[in-house]
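What you see below is based on every heavy atom in this structure, not just the backbone, and it leaves out hydrogens, waters and symmetry mates. No experiment lies behind these values; they were computed from the predicted model shown.
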Amino acid sequence: MPSPPPPPGLLARPLTPADLDATFGVYVEDEFVNTGMRAVEREDIESDWARTSFDLSTDSVGLFDGPRLVGAAEVYQGRRADGAVDPAVHGRGLGTWLLAWTEDRAREQGGTLVGQTKFADSPAQRLLQARGYLPRWTSWVLEVPEGGRIVPQPLPAGYTIREFTHADERTAYRLINDAFNEWPDREPTTFADWRPRIVGRTGFSPWQIRFVSDPSGEAVGVVATILDSQGCAYVDQLAVRRDQRRRGLARALLVAAFDEARARGATRSELSTDSRTGALGLYEAVGMRVTQTWIHWVCDL
């Protein structure tokens, strides 16, 4: 079924690359209203749009008040959605319309269930709940604050940590994808969709990915870090091959990533984990503390 017409006085159309800055502006201000923080980066949106299975012309929509973008939403692979509204136009039904659009688009993509991850107890969460969305999993953001101590972790004998080279792209992808595919309800990610997040991200430098190698020299674990414009080192992906776990390798990679980022100007270190991984205790043992709680909400289509 076609989506209902947009709220009165607004134009709905797909987003284009030229809308990137305006979209970032809407998302970051919407984030502030919902969380009290402005953490989303322009490069986050840019890298999401660069995924090969994401078609900006069909999988996104913008709401425009004249030339001004006041709301935006997108759907990825019929299952993951997101949306934001300019706080200046809250109360006009834009969020409800965008939510309905994401559900319609997810159905068109063949989805049977669609979800969004929102800050706990936020206005965005309440909108989802009012529409019948149910919680699926909980995510936490953890932080090593400025000046905080990172507990060292020695490597087992013969293991080493090294920096990424461009010949390592497939190795990093394989380690991360294999580990993440162990999670319940996760759809595998293609290399072409994975690459824009870190390696293809604007400003990427090899120090942002580090491997741990076994005594034979084979890479058996990897960590990928983003250093944002606010001086925060965010560990975006961390994985250790199943047969190499319980040797302290993940913790050693985490400490190495944070140390390297601090040497390059980071004042804080963050990562997120969720209830599907069982890794919360690992991060707390390194000296991290939970600072944010997010919930993934879903509905059947």
Donor-acceptor side-chain pairing of [X] and [Y] below 3.5 angstrom:
| X | Y | answer |
| --- | --- | --- |
| Asp168 | Thr165 | yes |
| Tyr283 | Arg251 | no |
| Tyr234 | Ser272 | yes |
| Thr138 | Asp274 | no |
| Arg80 | Gln77 | no |
| Thr225 | Glu260 | no |
| Tyr133 | Gln125 | no |
| Trp294 | Gln292 | yes |
| Ser229 | Glu41 | yes |
| Asp48 | Tyr76 | no |

Would [X] and [Y] pass as an ion pair if we require N to O under 4.0 Å?
| X | Y | answer |
| --- | --- | --- |
| Asp21 | Arg42 | yes |
| Asp86 | Arg68 | yes |
| Arg38 | Glu29 | yes |
| Arg268 | Glu270 | yes |
| Arg241 | Glu218 | yes |
| Arg262 | Asp259 | no |
| Asp121 | Arg126 | no |
| Arg245 | Glu182 | yes |

For a quick test of reading the model, state the closest non-hydrogen atom pair linking [X] to [Y] and the distance between them.
| X | Y | answer |
| --- | --- | --- |
| Ala73 | Leu98 | CB-CD2, 3.9 Å |
| Ala252 | Leu155 | CB-CD2, 3.6 Å |
| Leu15 | Ser60 | N-OG, 3.1 Å |

For the pair [X] (side chain) and [Y] (backbone), establish whether a donor and an acceptor sit closer than 3.5 Å, ignoring hydrogens and angles.
| X | Y | answer |
| --- | --- | --- |
| Asp19 | Thr23 | no |
| Asp44 | Ser47 | no |
| Asp193 | Ser53 | yes |

Passes ring pair (Phe, Tyr, Trp, His ring centres under 6.0 Å), Phe204 versus Phe164? Steps please.
CA-CA 11 Å; Phe204 171 76; Phe164 169 90; 5.5 Å; yes
Once you round to the nearest 0.5 Å, how far does OG1 of Thr35 lie from NZ of Lys118?
10.5 Å
Step by step, work out the side-chain hydrogen bond (donor to acceptor under 3.5 Å, both in side chains) result for Ser269 and Glu143.
CA-CA 6 Å; Ser269 302; Glu143 175 191 69; over 6 Å; no
Working note: Glu74 + Arg105, criterion salt bridge (charged side-chain N to carboxylate O under 4.0 Å, His left out); need CA distance, chi angles, decisive distance, verdict.
CA-CA 9 Å; Glu74 60 189 58; Arg105 181 58 191 145; over 6 Å; no
Should Asp236 and Arg201 be marked as a salt bridge (charged side-chain N to carboxylate O under 4.0 Å, His left out) after you check the CA-CA gap, both sets of side-chain angles, and the distance that decides it?
CA-CA 12 Å; Asp236 189 70; Arg201 187 182 179 95; over 6 Å; no
